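Please read the structure below before turning to the comments.
Model, not experiment: these values are computed from the prediction. In what follows, every chain begins at residue 1, and chains take the letters A, B, ... in the order their sequences are listed.
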Amino acid sequence: MPELPEVETIARGLQRAIAGKTIAAVDVTLPKIAVAPPGRRFSTSLQRDTIRRVTRRGKYVVFDLRSGRRLVTSLRMTGRLIVQANAALELLPYTHVALRFTDGSRLCFSEMRQFGRMRLVEADEPWDAALGVEPLESSFTARAFIGMLSGRSGAIKVFLLDQRRIAGIGNIYACEALWEARIRPDKPAGSLTKPAIRRLHAAIVDVLTRATDLRGTSVDDYVDAEGLRGGFQNRLSVYGREGQKCPRCGSLIVRTVLGQRGTWWCRRCQK
DNA sequence: CCGCCGCCCTGCTTGC
DNA sequence: TGCAAGCAGGGCGGCG
């Protein structure tokens, strides 16, 4: 499940691999994946456009095109964007959309669960208006975070997963940041003290930065644009570690369910 | 605006 | 051993 560090790693790899390439043709084998523009127009409107730059916004990979438009891609759980040197290679399994470039190379968008989406948006289209602040940008300050949480009755972990507030945090890094900040995942967001919010702010930035430096977390499916696994799975403190010892206090890590999501934490040191 | 819920989909795990 | 049911999960639309 690619979150900010994984999507950032993928986008950087794609920038190196395909920036400057021109699209010769687009093969769509599962039409519901390519949502806009609908039908055959998705492929025809991409033809002859050029990939200018590949970036990330939240958990979305964004292909900036020479025409000014953007191809916005959501990987959801099992989505992969893999570059193949030539089109004679066998397609990656579960490839639903393939971009063929004029130099003979190819980009496969594969997604086993079929939840992933690609959307071509116009130059002036505010496609990310509903997305919240980027947690690794300077606009995400502790002060701003304090303001965002005030008056909220919902659990802090559910808040962290809400992409309309902060963009890019998923289940792994929400669990890890709350552990690092020593905060219970089910604590009402508005009840956190200012020192606790400052700790959590620092923990979010720290965890996302360290995970990005290690090219993300590969717990099961995730690989980057070159097909390589990340390195942060070896640094996880609580995520997926039910029954194992808390690295800080030695108490056993528990798994509970919060907002229909598995949640791993330490009952002793997260208050 | 806010919070909650169900849906989408497939492969893996669980339980009989 | 074999099979079916249950579970997981990000984003989105619908609802109150």
* **Presence of salt bridge, A/Arg56 and A/Glu134, under 4.0 angstrom** => yes
* Should A/Lys59 be listed as having a side-chain N or O under 4.0 Å from OP1 or OP2 of C/dG10? -> no
* Does B/dC1 have a Watson-Crick or wobble mate here (both distances under 3.5 Å), and if so which one? -> none
* Structure fact -> Here the distance between atom C1' of C/dA8 and atom CG of A/Leu258, to the nearest Å, is 16 Å
* To do: Take atom OH of A/Tyr239 and atom C1' of C/dA8, then tell me their distance rounded to the nearest Å.
  => 9 Å
* To do: Compare side-chain N and O positions of A/Tyr60 against OP1 and OP2 of C/dG10 and report whether any pair is under 4.0 Å apart.
  => no
* Asked: Can you tell which of A/Leu75, A/Ile82, A/Val223, A/Thr73 makes a side chain to side chain contact (heavy atoms under 4.5 Å, CB included) with A/Ile10?
  -> A/Leu75
* **A/Trp264 CH2 - C/dG9 C1' separation (whole Å)** => 10 Å
* Asked: Are A/Ser110 and A/Thr95 linked by a side-chain donor-acceptor pair shorter than 3.5 Å?
  -> no
* **Nearest-nucleotide comparison on DNA chain C, the residue closer to the 5′ end among A/Met77 and A/Arg119** => A/Met77
* Asked: Under 3.5 Å, is there a donor-acceptor pair between the side chain of A/Gln15 and the main chain of A/Val54?
  -> yes
* To do: Return the value, rounded to whole Å, for the distance between atom CD of A/Gln114 and atom P of B/dT10.
  => 4 Å
* **Heavy-atom side-chain proximity of A/Thr78 to A/Tyr94 below 4.5 angstrom** => no
* Spacing between A/Arg117 atom CZ and B/dC9 atom P, to the nearest angstrom -> 8 Å
* Does A/Arg255 have a side-chain nitrogen or oxygen under 4.0 Å from the phosphate oxygens OP1 or OP2 of C/dA8? -> yes
* Under-4.0 Å side-chain N/O to phosphate OP1/OP2 contact, A/Lys32 with B/dC9 -> yes
* Asked: Are side-chain N/O atoms of A/Arg69 and A/Ser67 paired as donor and acceptor at under 3.5 Å?
  -> yes
* **Interatomic distance where CZ belongs to A/Phe115 and P belongs to C/dC12 [whole Å]** => 13 Å
* Distance, rounded to the nearest Å, where A/Arg113 contributes CZ and B/dC12 contributes P -> 9 Å
* Check whether any side-chain heavy atom of A/Lys157 sits under 4.5 Å from a side-chain heavy atom of A/Cys175, and report yes or no. => yes
Using the 3.5 Å cut-off, write out each protein N or O paired with an N or O of nucleotides 14-16 of chain C and the distance between them.
none

* Asked: Can you tell me how far P of B/dG11 sits from CZ of A/Arg80, to the nearest Å?
  -> 13 Å
* To do: Indicate, with a heavy-atom threshold strictly under 4.0 Å, whether A/Gly262 touches base, sugar-phosphate, or nothing.
  => sugar-phosphate
* Examine the base of C/dG9 for any acceptor or donor lying under 3.5 Å from a partner atom in the side chain of A/Arg76, and report the outcome as yes or no. => no
Please list, pair by pair, any protein nitrogen or oxygen found under 3.5 Å from a nitrogen or oxygen in nucleotides 2-4 of chain B.
residue: B/dC2; atom: OP1; partner: A/Arg152; partner atom: NH2; Å: 3.1
residue: B/dC2; atom: OP2; partner: A/Arg165; partner atom: NH2; Å: 2.8
residue: B/dG3; atom: OP2; partner: A/Arg152; partner atom: NH1; Å: 3.4

* Asked: Can any side-chain N or O of A/Asp103 pair as donor or acceptor with the backbone N or O of A/Lys21 at less than 3.5 Å?
  -> no
* How long is the span from the CD atom in A/Gln270 to the CD1 atom in A/Ile253, to the nearest 0.5 Å? -> 9.0 Å
* To do: Using heavy atoms to find the nearest nucleotide of DNA chain B for A/Arg261 and A/Tyr94 separately, return the residue whose nucleotide is more 5′.
  => A/Arg261
* To do: Could you tell me whether A/Arg210 and A/Glu176 make a salt bridge, using a distance below 4.0 angstrom between a side-chain N and a carboxylate O?
  => no
